[in-house]
Amino acid sequence: MRLYKGKSLTQHLIENQRANGGSGAFSAALNGVIMACKRISSLVDKGELVGVLGEAGSSNIQGEDQKLLDIISNETFIGQTEWAGYFAGMASEEMEDVYHIPAEYPVGKYLITFDPLDGSSNIDVNVSVGTIFSILRCPENIERPTTADFLQPGTKQICAGYCLYGSATMMVLTMGNGVNGYTLDKDIGAFILTHPDMKIPESTNEFSINMSNMRHWEKPVKKYINECLQGKEGARGKDFNMRWVASMVADVHRLLVRGGIFLYPYDAKAAAKEMGGKLRLIYEANPISFIVEQAGGLASTGRERIMDITPSELHQRIPVVMGSREEVQHVINLHRA
Ligand code: AHM
Ligand code: MG
């Protein structure tokens, strides 16, 4: 039998922090997030055994029906992170307004934003879902942050990550110096470094998009997907494969492991409701863009780099085109043509 030598996420974080001369506070802040994800992973695993499937009977700020597990995951995330004294405030896809740290706990110097359980439509059908989070610095001398303090461009993120609840539970993290993936060893309850320095291959022949929206897309995206569908006989001269899990975390994880391009583009149906896209800038697009760029990929709206956008509101939505560099650049070029 091979002796298992994998490094734990905690050890890896502390070693990294030591190498960079940090105090350790940041690693400790992440511990709450790690614990939240372990708890959510356990709930996702148990599903109906613990009665967490089905509708919550409520809707979020975007008017979407909330699943019971959306709400429970949101409460779990807050419960595991609010007490430790590292955060000054939180914002979640599932909450209308900024969440303030209760008076009984110390206030810290970071802000955290999260989508507690992304891929809600997959919860009840036992398909992969995930948690996405992003950490920002709280502006100086602010004890009770307001919405304006959260409206920072993605370039200001100091850490972003996702936890994928798939056939294995995996945490993928960046702190701006590459991307590492850790697999949860459920026997010992610890994330183990299994995917060091993840890189997205530069080229790909796999795309990921919800084709049922095709009639609502703009011309450049229609053109791009038509090129893909034409395969070897078309302008690209190669055959493409398609995948769509409908959980961004799972679709993006595939990009990090074997490359690909993921699009949730501008959509006239969404624009008619003044949204312009489906995915949320602060909770989904920014953290995932940070990871994708750190893994060598590109993340754009088709017209601009996602992380350069200063959010105009907490729940703003935007078009998303991300993944293998060559392919995303081609879609950007089609938008310029
Ligand atoms: P959610 O946050 O309500 O779960 O919505 C976001 C999800 C993404 O994970 C996924 O890429 C997309 O919605 C799927 O949308 P669709 O059902 O239109 O295919
Ligand atoms: Mg989401």
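Just so it is clear, the structure is predicted and the values come from calculations on it, not from any experiment. Remember, it's 1-based here, ligands and their atoms both numbered in the order they're listed. Quick note: numbers below take in every heavy atom, side chains included, and nothing from hydrogens, waters or symmetry partners. Just so you know, residue 1 is the first one in the sequence shown, and it goes up from there.
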Exercise. Among Gln11, Gln17, His12, which one satisfies side chain to side chain donor-acceptor pair (under 3.5 Å) with Ser27?
Worked result: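 With Ser27 as partner, Gln11, Gln17, His12 yield a single side chain to side chain donor-acceptor pair (under 3.5 Å), made by Gln17.
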For this session: Would you please say whether a donor-acceptor pair under 3.5 Å links the side chains of Tyr264 and Glu284?
Result: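 No pair is found: no donor N or O on one side chain lies under 3.5 Å from an acceptor on the other.
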For this session: Check the side chains of Tyr86 and Thr81 for a donor-acceptor pair under 3.5 angstrom, ignoring hydrogens and angles.
Result: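 No, Tyr86 and Thr81 have no side-chain donor paired with an acceptor closer than 3.5 Å.
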For this session: May I ask you to decide whether Glu75 forms a salt bridge with Arg39, counting only side-chain N to carboxylate O separations under 4.0 Å?
Result: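 A salt bridge is absent here (no side-chain N lies under 4.0 Å from a carboxylate O).
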Exercise. Any salt bridge between Asp124 and Lys67, counting N to O under 4.0 Å?
Worked result: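 So Asp124 pairs with Lys67 through a salt bridge.
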Exercise. Which of parallel (below 30°), tilted (30 to 60°) and perpendicular (above 60°) describes Tyr224 and Phe240?
Worked result: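 Geometry flag for Phe240 against Tyr224: perpendicular rings.
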For this session: Can you tell me which residues line ligand 1 if we count any heavy atom under 4.0 angstrom from one of its atoms, in chain and number order?
Result: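 Heavy-atom contacts below 4.0 Å: Glu64, Glu93, Asp115, Asp118, Gly119, Ser120, Asn210, Trp244, Ala246, Ser247, Met248, Phe262, Tyr264, Lys278, Leu279, Arg280, Glu284.
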Problem set entry | Check: Arg215 main-chain N/O paired with Lys269 side-chain donor or acceptor under 3.5 Å |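 Such a contact is absent between Lys269 side chain and Arg215 backbone.
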Give the atom name of whichever N/O/S atom in [X] sits closest to the Mg ion (ligand 2).
X      : result
Glu93  : OE1
Asp115 : OD2
Asp118 : OD1
Glu284 : OE2

Exercise. Taking C-beta and beyond as the side chain, do Asn286 and Met307 meet within less than 4.5 Å on heavy atoms?
Worked result: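 They are in contact (side-chain heavy atoms under 4.5 Å apart), so the answer is yes.
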